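When a ligand or atom number is given, it counts from 1 through the structure's own listing order. All values reported here derive from a predicted model rather than from experimental measurement.
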Amino acid sequence: MARVERVFSGVQPTGNLHLGNYLGAIVNFVKLQENHNCIYCVVDLHAITQPVSVWGGPTELARNIREVTAAFIASGIDPKKHIVFNQSQVSGHAELAWLLNCVARIGWLNRMTQFKEKAGKDRENASVGLYDYPVLMAADILLYRATHVPVGEDQKQHLELARDIAQKFNNDFGDSVRTHGFADGEFFPQPEPLITGPATRVMSLRDGTKKMSKSDSSDNSRINLTDDADTIAQKIRKAKTDPEPLPSEEKGLETRPEADNLVGIYAALAGRTKQDVLREFGGGQFSSFKNALAELCIAKLAPIATEMKRLTADPGHVDSILIEGASRAGALAEETMKAAKDIIGFVRKP
Ligand code: AQP
């Protein structure tokens with residue numbers, strides 16, 4: 001099996017995509033297309049790890065799968081040159097997750113902070129799937145033997161776990177890995193997290209210490225990719241700030257999470273550094289900065305929302321993109337599954 005540089009990442013179809021998903025992940029997905037082979041996945045098997053009341057049931061799930069696909073394409077991902085599909089259409093994800101469940105250690109999973117946050121106090125009542133989420137995520141990446149994974153800051157710990165699982169598989173089956181054509185003993189490459197740009201962790205507009213998130217009960221806490229211009233302007237106007245004017249130096253943002261967040265969003269949308277943004281707006285009041293931010297946000301997001309609307313109006317077309325992508329992803333997945341099974345020692349049809 002040839003070793004190629006390959007990018008993999010996924011987004012859950014669990015509700016409205018927001019500016020955090022866009023700046024933390026999707027913008028980087030688009031950039032990476034220039035120099036890499038990319039696989040972008042709507043991770044619907046991950047979505048169902050939450051209670052049905054969270055992901056909304058069958059009709060909502062199908063609608064959200066198509067909406068995330070539309071967001072990928074409207075943002076500039078090319079499904080002809082790269083691969084776009086939904087996870088549940090390639091059975092290798094679940095199958096490899098089982099093999100990796102037997103490699104990953106319970107102690108490793110017990111340290112995962114996302115499970116602790118999402119399960120909350122009622123841990124006994126969380127699904128086994130939610131606990132196992134990071135192993136499925138490792139399987140998603142390793143199924144394509146991906147080398148680079150663009151994600152937001154919140155996924156860093158899961159990426160480290162994927163690296164540990166890859167390494168333990170390679171070590172546990174070292175001799176077999178080598179006799180099956182991987183002389184360097186590395187069947188699964190160590191996936192590199194790509195956490196880049198000024199907005200790797202976009203915070204809530206209502207509380208600068210909390211991540212912007214689909215599951216926040218306040219819609220005013222986030223800007224959705226489908227929000228219209230008036231809604232975006234209103235949410236930015238209402239965003240929490242402090243009474244001080246904006247600082248002129250980045251250091252002045254250190255103890256001001258809300259100001260830091262808004263400046264970071266502006267910088268990411270404008271393709272500038274925070275320092276550069278402060279050079280223009282430092283010393284000024286929030287009201288004029290917020291007007292400029294709203295204008296920029298609308299200019300960047302409105303064309304995406306329009307294109308998403310156009311695409312989701314034709315679900316048959318979106319489904320055909322996913323089916324075609326799944327067929328190409330499935331062929332790559334099958335190669336990895338065959339090799340993984342041979343390495344472990346399963347008997348199979350040649
Ligand atoms: N606030 C954020 N800032 C930067 N990046 C973010 N990402 C999510 N939130 C932010 C990145 O978006 C990608 C897709 O995320 P996901 O939908 O698969 O899962 P998530 O991290 O659970 O997203 P949400 O929106 O915050 O959902 P809930 O409310 O369920 O927790 C990932 O690369 C993620 O890092």
Colleague: Backbone or side chain, does any N or O of G152 fall under 3.5 Å from an N or O of ligand 1?
Modeller: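 It does: an N or O of G152 is found under 3.5 Å from an N or O of ligand 1.
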Colleague: Does any N/O atom on S215 come nearer than 3.5 Å to any N/O atom on ligand 1?
Modeller: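 Yes, at least one N or O pair falls under 3.5 Å.
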Colleague: Taking distance alone, with no angle check, do V202 and ligand 1 share an N/O pair under 3.5 Å?
Modeller: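 Checking ligand 1 against V202, an N or O pair does fall under 3.5 Å apart.
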Colleague: Salt bridge or not for D342 and R348, using N-O below 4.0 Å?
Modeller: yes
Colleague: Is a side-chain donor-acceptor pair under 3.5 Å present for D216 with S213?
Modeller: no
Colleague: Side chain or backbone of D216 under 4.0 Å from ligand 1, or both, or neither, by non-hydrogen atoms?
Modeller: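 Under 4.0 Å from ligand 1, D216 contributes no heavy atoms.
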Colleague: State the atoms of ligand 1, each with its element, that fall below the 4.0 Å cut-off from a heavy-atom position in H18.
Modeller: 9 (N), 24 (P), 25 (O)
Colleague: Between K118 and ligand 1, find which residue part has any heavy-atom pair under 4.0 Å and reply side chain, backbone, both or neither.
Modeller: side chain
Colleague: One residue to check: M212. Relative to ligand 1, which of side chain, backbone, both or neither has a non-hydrogen atom less than 4.0 Å away?
Modeller: both
Colleague: Can you check whether G129's main-chain N or O pairs, donor with acceptor, with T49's side chain at less than 3.5 Å?
Modeller: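 Checking the backbone N and O of G129 against the side chain of T49, no donor-acceptor pair under 3.5 Å is found.
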Colleague: Taking only heavy atoms of V151 into account, list the atoms of ligand 1 that are under 4.0 Å away from them.
Modeller: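 By the 4.0 Å cutoff, the relevant atoms are 33 (O).
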Colleague: Would you say T14 and ligand 1 have an N/O pair spaced under 3.5 Å apart?
Modeller: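 T14 vs ligand 1: no N/O contact under 3.5 Å.
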Colleague: Please determine if Y133 has a nitrogen or oxygen closer than 3.5 Å to a nitrogen or oxygen of ligand 1.
Modeller: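 No, there is no polar N/O contact under 3.5 Å.
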Colleague: Mind checking whether S213 has an N or O less than 3.5 Å away from an N or O of ligand 1?
Modeller: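 Indeed, backbone or side chain, S213 has an N or O that close.
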Colleague: Hey, would you say the H46 and Y133 ring centroids sit under 6.0 Å apart?
Modeller: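 Yes, the ring of H46 comes within the 6.0 Å limit of the ring of Y133, centre to centre.
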Colleague: Note the single closest protein heavy atom to atom 4 (C) of ligand 1, along with its residue, its atom name and the distance in Å.
Modeller: T200 O, 3.2 Å
Colleague: Counting only nitrogen or oxygen atoms and a 3.5 angstrom limit, does K211 reach ligand 1?
Modeller: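 Min N/O separation from ligand 1 is below 3.5 Å for K211.
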Colleague: Give the residue, atom name and distance (to 0.1 Å) of the protein heavy atom nearest atom 7 (N) of ligand 1.
Modeller: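 Scanning the protein heavy atoms, the shortest distance from atom 7 (N) of ligand 1 goes to N21 ND2, 3.7 Å.
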Colleague: Side chains of Q87 and D140: any donor to acceptor distance under 3.5 Å?
Modeller: yes
Colleague: With atoms numbered from 1 as shown, which atoms in ligand 1 lie under 4.0 angstrom from a non-hydrogen atom of V11?
Modeller: 14 (C), 17 (O), 18 (O)
Colleague: Could you tell me whether E153 and K211 make a salt bridge, using a distance below 4.0 angstrom between a side-chain N and a carboxylate O?
Modeller: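 Looking at E153 and K211, the cut-off is not met.
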Colleague: Using a 4.0 Å cutoff against the non-hydrogen atoms of G24, which atoms of ligand 1 qualify?
Modeller: 4 (C), 5 (N)
Colleague: Please determine if D154 has a nitrogen or oxygen closer than 3.5 Å to a nitrogen or oxygen of ligand 1.
Modeller: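 Yes; at least one N/O pair falls below 3.5 Å.
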Colleague: Which option wins on minimum heavy-atom distance to atom 17 (O) of ligand 1: K210, K214, M137, Q12?
Modeller: K214
Colleague: Tell me whether the rings of F187 and F182 are parallel (<30°), tilted (30 to 60°) or perpendicular (>60°).
Modeller: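 Judged by the thresholds at 30° and 60°, the geometry between F187 and F182 is perpendicular.
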Colleague: Share the residues that join L45 in a hydrophobic cluster, the rule being Ile, Leu, Val, Met, Phe, Trp or Tyr side chains under 4.5 Å apart at the heavy-atom level.
Modeller: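 Besides L45, the hydrophobic cluster comprises L136, listed by chain and residue number.
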Colleague: What orientation do Y40 and F29 show, parallel under 30°, tilted 30 to 60°, or perpendicular over 60°?
Modeller: parallel
Colleague: Is there a ring pair (Phe, Tyr, Trp, His ring centres under 6.0 Å) between H93 and Y144 once you walk through the steps?
Modeller: CA-CA 10 Å; H93 290 258; Y144 303 99; 5.5 Å; yes
Colleague: For the 3.5 Å polar cut-off, considering only N or O atoms, please tell me whether G20 and ligand 1 meet it.
Modeller: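 Yes.
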Colleague: Run the numbers for me: atoms of ligand 1, each under 4.0 Å from some heavy atom of A25, listed by number.
Modeller: 12 (O), 13 (C), 33 (O)
Colleague: Could you report the tightest heavy-atom contact between G185 and N170, atom names first, then the distance?
Modeller: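 Scanning both residues completely, I find the closest heavy atoms to be O-CB, 3.4 Å.
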Colleague: What do we get for M203 next to ligand 1 when only non-hydrogen atoms under 4.0 Å count, side chain, backbone, both or neither?
Modeller: neither
Colleague: Show the atoms of ligand 1 that are less than 4.0 angstrom away from any heavy atom in Q155.
Modeller: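 By the 4.0 Å cutoff, the relevant atoms are 21 (O), 35 (O).
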Colleague: Show me which atoms of ligand 1 lie under 4.0 Å from any heavy atom of R201.
Modeller: 3 (N), 4 (C)
Colleague: Does the side chain of N125 pick up a donor-acceptor pair with the side chain of R123 at under 3.5 Å?
Modeller: no
Colleague: Please tell me whether Q50 and T14 have a donor and an acceptor in their side chains that are separated by less than 3.5 angstrom.
Modeller: no
Colleague: Determine which pairs satisfy side-chain hydrogen bond (donor to acceptor under 3.5 Å, both in side chains) with at least one residue from residues 314-331, sequence neighbours left out, and list them in order.
Modeller: R66-D319
